[in-house]
Asker: 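Handing you this structure, nothing more for now.
Residue numbers begin at 1 in each chain, while the letters A, B, ... track the order of the sequences.
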Amino acid sequence: MAVYPLRTYQVSGERYNPREMEPRWQKVWDEAKSFVVRDDDAREKYYVLEMFPYPSGRIHMGHVRNYSMGDVVARYHRARGKNVLHPMGWDAFGMPAENAAMERKVHPGAWTRQNISAMKDQLKSMGLAIDWTREIATCEPEYYQHQQAMFIDFLEAGLVTRKKSKVNWDPVDMTVLANEQVIDGRGWRSGALVEQRELTQWFFKISDFAEDLLEALDTLTDWPEKVRVMQRNWIGKSEGLRLQFEVVPSDKADASSIEVFTTRPDTIFGASFVALSPDHPLTTELAANDPALAEFVAECRRQGTATEAIEKAEKKGYFTQIHVKHPVKPDATLPVYVANFVLMEYGTGAIFGCPAHDQRDLDFARKYDLPVVPVVLPTGADAATFAVADEAVVEPGTMINSGFLDGLSVDAAKQAVAAQFAGLTVDGKPQGKVEVNYRLRDWGISRQRYWGAPIPIIHCEVCGTIPVPKKDLPVVLPEDVTFDQPGNPLDRHPTWKHVHCPQCGASARRETDTMDTFVDSSWYFSRFTAPHADTPTIPAVANAWLPVDQYIGGVEHAILHLLYSRFFTRAMKATGHVGVDEPFKGLFTQGMVTHETYKSPAGEWVAPAEVVIETLGEDRKALHLHSGEPITIGSIEKMSKSKKNVVDPDEIVGSYGADTARWFMLSDSPPERDVQWTEAGVEGASRFQQRIWRLVSETIEITKQSAHSVRESDDDEAKALRKIAHRAVHNVSQDIEGLRFNRAVAQIYELTNALVRSSGIAAVAPSSRLSALEDGVARLIQLLAPMMPHLAETCWEALGKSGLVADAPWPEVDPALLVDDQVTMPIQVNGKRRAEIVVAKGTASAEVERLVLSLDEIVRMLDGNAPKKIVVVPDRIVNVVV
RNA sequence: GCGGGCGUGGUGGAAUGGUAGACACACAGGACUUAAAAUCCUGAGGGGGUAUCCCCGUGCGGGUUCGAGUCCCGCCGCCCGCACCA
């Protein structure tokens, strides 16, 4: 590109004022119903959704980032001529509302609805292209009655069960938690150490779908690999053998057999003990007559399940005095221990230990002096000298010391053992049975809380548990509840639970447990397809919209919400509410918003708003805004109230405008990574906004002043500018489709730079350049529209374009302008760039070679020698090897 | 321990095996201004040479290749997830 002279005149344009323009355009979109979507639109559908917010009171920067990304996708596909569904709702049930009720004497419903109203205003101030006519809140009977209806459908379809089981009890929130909600032995919300309690609970039979949920992960190719791996691990499939060990008769126990599960039946000849879980029924039976064992069991229970506890825990056991017969070594027996590392929840709660090939078993065997017999010889090891020391051997190899298995591979041995036991029985049970085990447990959904969807069940002493007849739905939460004491307000409500049995009419009791809030969020995306229907969905409509094409949210939901939703969608399919298995075709997990932390000399956290940063060269110093005392700049952390490093979106929107906040959230950092919120970054985004406005104003000014009336054909500069503009459209399109917003932003900057440079001389240049400038600016505004929609509308209007830029079709790209007729080829000598030549595109290699060898630099570097080899990659690069 | 990801200027980050550092932030110099802000122009990976130029450079060590930030092998470091799962 030529170097242009300084701009030829100044424009006295006013600054762009987002505070004035943003509300104005929001009103225009609203009145034009721009983003209201119709089901009967023939265009191709596109469903984009961001994870809906919990109405905590105010939106935070994480929301801004999340919804900015979704909005770009929505607006882009709209411009691409698709019928785009982009709805918003509220995940409105949950504990914080009850906590607020307890702390502030405000009803959870009032608190929640007030928060929704405030947050809706905040979201609206962002200018999101959302169809607000589809808004739903999970706490309203209009929503949860359908969830209750589906609960009954699931119950009838055998997808719900009620069973007594050991559950995770959160002593602070006074409720049961699902396994997925226990993190490191603590409640996911309260952080309290979780206790085990026996309770009768309602369960969704998610484990019925374990295999399908696992296998279908392979079809979710538009999901992050990380999330798929996490779900795969959570489902935790393992294939193995259920084995019966015959108990050697004694006066110690009545049991005649012990059942274990193993994934390594091949190592059976290396077995040297059997171990029971402290929670195993046989353990309990034995402990009844053995105080020392009872004490050992109690000690195991105290051990805890926290990460550190497990890492440090020593393998400990208690010998029961019982022996079992070795299943493949006649006359040999194995001692039976109770061991602290055997889990009742997995397999059968009992194992056989093969110390040579399992680290835990080895640690245990060394401690209790049990035999360590290697039975797998690793490939390449010497059979004569091979021995197991402190590390168990887990790699594959060849069977040794294993009777009829000797010489087989591990896999072959597994099959041979299974075949060996196939026809045999112990204690009337098959001695060995091939079995697939999953770690995934059924989903316990009963919560002993008020602010959730009531489980539509009536307990009748005569008839048992009876579903509430659908005509009686919804089971509405009573309003008059108290929160002045712990426990479930529904349970102590004076009248609510007292009902008559719908079958026999006798006095009966309503179920007072409510559903886990994760049930609410497991199908809201389906409800959005028919938010006002009097059935959970309208299947034909749901099937037209589903699956969600692009779902965007935080990775913290990788297991909980995303796995539950996959299950729930399958259950809805089984009961005829939707026709798809998978709810989310594409998933994107965005990174967090971080900020520097600040601490006062007293060691207290200080909010960014109270800190002044002084820069001296590259040094930065922080001072307190009011007191002037020095502030320590700390590490960069996720924005959180506890560290006070939060920036309020309202303040940013109020001072810089929503477009600036949106733009900054999309710039720089790749969307899957964390982004650091900085004042400088926001300033930069704001400056860019003004820069665009200046460019547009100048372009308009130049057009007015231009005396040109005849359209001339493009000169080189005009053509170059058109190329840049078309290329930008092409690249930005690809980047948005690939969700590479940071790169799209960079492309837009480049186009802007080129246009600003060009505008400086357009007034005195040939008319073709003015035309290219005008066209380029219009394209720029369109590229900008998904990201800075208010600014784009303002510019669009100023440029005299008709209609809204939000309704304008995405600009077309002339493919001819994407290709260069000339290419610059770098010339490498031994892989290092030494020169370059400009040749016509498609120049033959031989011609390129000739040109290269005639270059002064190359002649000099060859120093009279002939090159060993010349590699010419047409239109790309040349490498001369000397 | 297992699984996944990452490591590039002062900073955030670009780079279908083909000119490393696009774009932005921060910084420096200059123009404009009474001044400041804003704006515009210029510079910049490190080292050396007053121009043109040379050497080094993507965590470390090897390898494949005409050519490696990118692919392979072995290390080091950081982040995330799961975890006594038999």
Side-chain angles (χ1 to χ4, degrees), chain A residues 3 5-7 10-11 15 183-184 224-230 232-234 236-238 240 260-264 267 275 303 305 307 309-311 313-315 339-343 345-354 357-361 363-364 394 437-439 555-556 558-559 615-620 664 667-670 672-676 678-685 687-688 690-691 694 740 742-750 752-753 756 760 824-836 857 867-873 876-882:
Chain A
V3 176
L6 293 181
R7 63 193 50 256
Q10 291 280 319
V11 171
R15 284 174 65 81
I183 321 282
D184 287 342
E225 180 59 21
K226 176 183 173 162
V227 174
R228 293 198 284 165
V229 166
M230 282 166 72
R232 205 169 283 134
N233 292 343
W234 187 263
K237 180 180 183 175
S238 57
V260 307
F261 176 74
T262 178
T263 56
R264 294 295 305 272
T267 63
Q303 187 181 284
T305 48
T307 312
I310 289 166
E311 266 172 10
E314 196 184 352
K315 304 285 172 284
N340 64 346
F341 63 94
V342 181
L343 305 175
E345 296 80 50
Y346 190 78
T348 63
I351 60 156
F352 80 74
C354 175
H357 304 289
D358 182 289
Q359 192 59 46
R360 292 156 304 174
D361 298 348
D363 295 344
F364 191 81
V394 291
N437 243 298
Y438 299 93
R439 206 179 75 111
V555 73
E556 66 272 19
I559 293 175
T615 35
L616 237 166
E618 273 164 16
D619 284 341
R620 296 171 72 239
F664 178 59
S667 318
D668 291 346
S669 281
E672 69 277 10
R673 277 196 226 169
D674 291 352
V675 65
Q676 190 193 343
T678 61
E679 196 65 19
V682 184
E683 295 278 358
R687 277 201 301 273
F688 177 68
Q690 297 298 341
R691 191 159 186 243
R694 268 197 314 279
R740 296 179 294 264
N742 58 321
R743 293 211 321 200
V745 164
Q747 294 286 345
I748 290 174
Y749 271 118
E750 277 189 72
T752 306
N753 291 343
V756 166
T824 304
M825 295 179 75
I827 316 298
Q828 296 181 328
V829 176
N830 288 341
K832 280 191 179 144
R833 197 194 80 92
R834 297 296 176 181
E836 60 182 39
E857 297 97 311
K868 263 194 207 143
K869 188 175 176 182
I870 299 179
V871 180
V872 178
V873 183
R876 296 219 71 130
I877 200 165
V878 181
N879 194 6
V880 182
V881 188
V882 297

Asker: For A:Ser669, answer base if it contacts any base atom (sugar-phosphate contacts may also be present), sugar-phosphate if it contacts only those atoms, and nothing otherwise; contact means non-hydrogen atoms under 4.0 Å.
Answerer: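 Sugar-phosphate contact only - A:Ser669 comes under 4.0 Å of backbone atoms but never of a base.
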Asker: Tell which nucleotide pairs with B:C40, taking only Watson-Crick or G-U wobble pairs whose two distances are both under 3.5 angstrom.
Answerer: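 Because both required distances fall under 3.5 Å, B:C40 counts as paired with B:G30.
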Asker: Distance check, P atoms only: B:G9 and B:U58, in whole angstrom units.
Answerer: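 The answer is 10 Å between these two P atoms.
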Asker: Please confirm whether any donor atom in the side chain of A:Lys226 sits under 3.5 Å from an acceptor in the base of B:C80, or the reverse.
Answerer: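 Flag unset: no donor-acceptor pair detected.
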Asker: Would one find a side-chain N or O of A:Arg687 under 4.0 angstrom from OP1 or OP2 of B:C25?
Answerer: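 So the side chain of A:Arg687 is within the cut-off, an N or O lying under 4.0 Å from OP1 or OP2 of B:C25.
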Asker: Categorize A:Asp358 for me: base, sugar-phosphate, or nothing, with a 4.0 angstrom heavy-atom threshold over every strand shown.
Answerer: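 Nothing: the residue A:Asp358, judged by heavy atoms under 4.0 Å, touches no strand.
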Asker: Could you check whether A:Val342 gets within reach of a base, just the sugar-phosphate, or nothing at all, counting any heavy atom under 4.0 Å?
Answerer: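 Base, at least one base atom sits under 4.0 Å.
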Asker: Which is more 5' along RNA chain B, the nucleotide nearest A:Val745 or the one nearest A:Val555? Just name the residue.
Answerer: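 The 5'-side residue here is A:Val745.
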Asker: Specify the separation, in whole Å, of atom CZ of A:Phe341 and atom C1' of B:A86.
Answerer: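 Atom-to-atom, A:Phe341 to B:A86, this comes out as 8 Å.
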Asker: Say we look at B:U42 and B:A35: how far apart would their C1' atoms be, to the nearest angstrom?
Answerer: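 It comes out at 24 Å once rounded to the nearest Å.
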Asker: Within this structure, what is the CZ-to-P distance between A:Arg232 and B:A83, rounded to whole angstrom?
Answerer: 17 Å
Asker: So what does A:Glu750 hit on the nucleic acid, given a heavy-atom distance under 4.0 Å: a base, only sugar-phosphate, or nothing?
Answerer: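 Sugar-phosphate contact only - A:Glu750 comes under 4.0 Å of backbone atoms but never of a base.
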Asker: B:C53 phosphate, OP1 or OP2: any side-chain N/O from A:Arg834 under 4.0 angstrom?
Answerer: no
Asker: So A:Arg264 and A:Asp358, do their side chains get closer than 4.5 Å, heavy atoms only?
Answerer: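 No; the side chains remain at least 4.5 Å from each other.
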Asker: Counting side-chain heavy atoms from C-beta on, which of B:A86, B:U19, B:C82 comes nearest to A:Ile877?
Answerer: B:U19
Asker: Can you tell me if the side-chain N/O atoms of A:Lys832 get under 4.0 Å from OP1 or OP2 in B:C56?
Answerer: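 A:Lys832 to B:C56 OP1/OP2: side-chain N or O found under 4.0 Å.
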Asker: Taking the same atom, C1', in B:C71 and in B:G49, what whole-Å distance lies between them?
Answerer: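 Each nucleotide's C1' atom is 38 Å from the other's.
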Asker: What's the CG-P distance between A:Leu343 and B:C82, to the nearest Å?
Answerer: 17 Å
Asker: If pairing requires Watson-Crick or G-U wobble contacts with both distances under 3.5 Å, which nucleotide is the partner of B:C85?
Answerer: none
Asker: Let's see if you can work this out: which of B:A86, B:C84, B:G13 has an atom nearest to the side-chain heavy atoms of A:Ser238?
Answerer: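 That would be B:A86.
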Asker: Mind checking if A:Pro224 touches a base, just sugar-phosphate, or nothing, with heavy atoms under 4.0 Å?
Answerer: nothing
Asker: Does B:A22 have OP1 or OP2 under 4.0 Å away from a side-chain N or O of A:Asn753?
Answerer: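 So the side-chain polar atoms of A:Asn753 never come under 4.0 Å of the phosphate oxygens OP1 or OP2 of B:A22.
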Asker: Return the value, rounded to whole Å, for the distance between atom CE of A:Met825 and atom P of B:C66.
Answerer: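 In whole Å, B:C66 P lies 18 Å from A:Met825 CE.
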Asker: Take atom P in B:A44 and the same atom in B:C53, then report the distance between them in whole Å.
Answerer: 14 Å
Asker: Nearest-nucleotide wise, let me know which of A:Val229 and A:Gln747 is further upstream toward the 5' end of RNA chain B.
Answerer: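 The residue mapped nearer the 5' terminus is A:Val229.
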Asker: I want to verify a distance call: between B:A86, B:C66, B:U19, whose nearest atom is closest to the A:Val871 side chain?
Answerer: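 Nucleotide nearest to A:Val871's side chain: B:C66.
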Asker: Looking only at side-chain N and O atoms, does A:Lys869 come under 4.0 Å of OP1 or OP2 in B:C66?
Answerer: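 Checking B:C66 against A:Lys869, a side-chain N or O does come within under 4.0 Å of OP1 or OP2.
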Asker: Does B:G49 have a Watson-Crick or wobble partner in any strand here, with both distances under 3.5 angstrom, and which is it?
Answerer: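 The answer is none; no pair meets the criterion.
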Asker: Please determine, for the side chain of A:Trp234, which listed nucleotide (B:A83, B:G13, B:G81) has the closest atom?
Answerer: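 In terms of side-chain proximity for A:Trp234, the closest of B:A83, B:G13, B:G81 is B:A83.
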Asker: Report yes if a side-chain nitrogen or oxygen of A:Asn742 is closer than 4.0 Å to either non-bridging phosphate oxygen (OP1 or OP2) of B:A14; otherwise report no.
Answerer: yes
Asker: Nearest to the side chain of A:Glu836, which nucleotide is it out of B:U19, B:G12, B:A86?
Answerer: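 My answer, after comparing the listed nucleotides, is B:U19.
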Asker: Do the side chain of A:Asn879 and the base of B:G67 come within less than 3.5 angstrom through a donor-acceptor pair of N or O atoms?
Answerer: no
Asker: So, OP1 or OP2 of B:G12: does either fall under 4.0 Å of a side-chain N or O from A:Arg673?
Answerer: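 So the side-chain polar atoms of A:Arg673 never come under 4.0 Å of the phosphate oxygens OP1 or OP2 of B:G12.
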Asker: Is there a Watson-Crick or G-U wobble partner for B:G10 with both distances under 3.5 Å, and which nucleotide is it?
Answerer: B:C25
Asker: From OH of A:Tyr438 over to C1' of B:C82, roughly how many Å is that when rounded to an integer?
Answerer: 19 Å
Asker: Between B:C66 and B:C78, how far apart are the two P atoms, rounded to whole Å?
Answerer: 38 Å
Asker: In Watson-Crick or G-U wobble terms, both distances under 3.5 Å, what is the partner of B:G3?
Answerer: B:C80
Asker: For a quick check of understanding: with a heavy-atom distance under 4.0 Å over all strands, which category does A:Phe261 fall into, base, sugar-phosphate or nothing?
Answerer: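 Base, at least one base heavy atom under 4.0 Å.
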Asker: A:Glu345 has an atom CD; how far is it from atom P of B:A86, in whole Å?
Answerer: 14 Å
Asker: State whether the side chain of A:Asp361 and the backbone N or O of A:Cys354 hold a donor-acceptor pair below 3.5 Å, judged by distance alone.
Answerer: yes
Asker: Rounded to whole angstrom units, what separation is found between the CG atom of A:Asp363 and the P atom of B:G1?
Answerer: 13 Å
Asker: Does A:Tyr346 have a side-chain nitrogen or oxygen under 4.0 Å from the phosphate oxygens OP1 or OP2 of B:A86?
Answerer: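 Answer is yes, contact under 4.0 Å.
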Asker: Within the structure shown, what part of the strands sits under 4.0 Å from A:Arg691 by heavy-atom distance: base, sugar-phosphate, or nothing?
Answerer: sugar-phosphate
Asker: Say you pick atom P in B:A26 and the same atom in B:U65; how far apart are they, in whole Å?
Answerer: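 Comparing P positions in B:A26 and B:U65 gives a spacing of 47 Å.
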Asker: What is the distance, rounded to the nearest whole Å, between atom CZ of A:Arg15 and atom P of B:A37?
Answerer: 14 Å
Asker: How far, in whole Å, is B:A14 from B:A22 if one measures between their C1' atoms?
Answerer: 5 Å
Asker: Which part of the nucleic acid, if any, lies within contact of A:Lys868, taking any heavy atom under 4.0 Å across all strands shown: a base, the sugar-phosphate backbone alone, or nothing?
Answerer: nothing
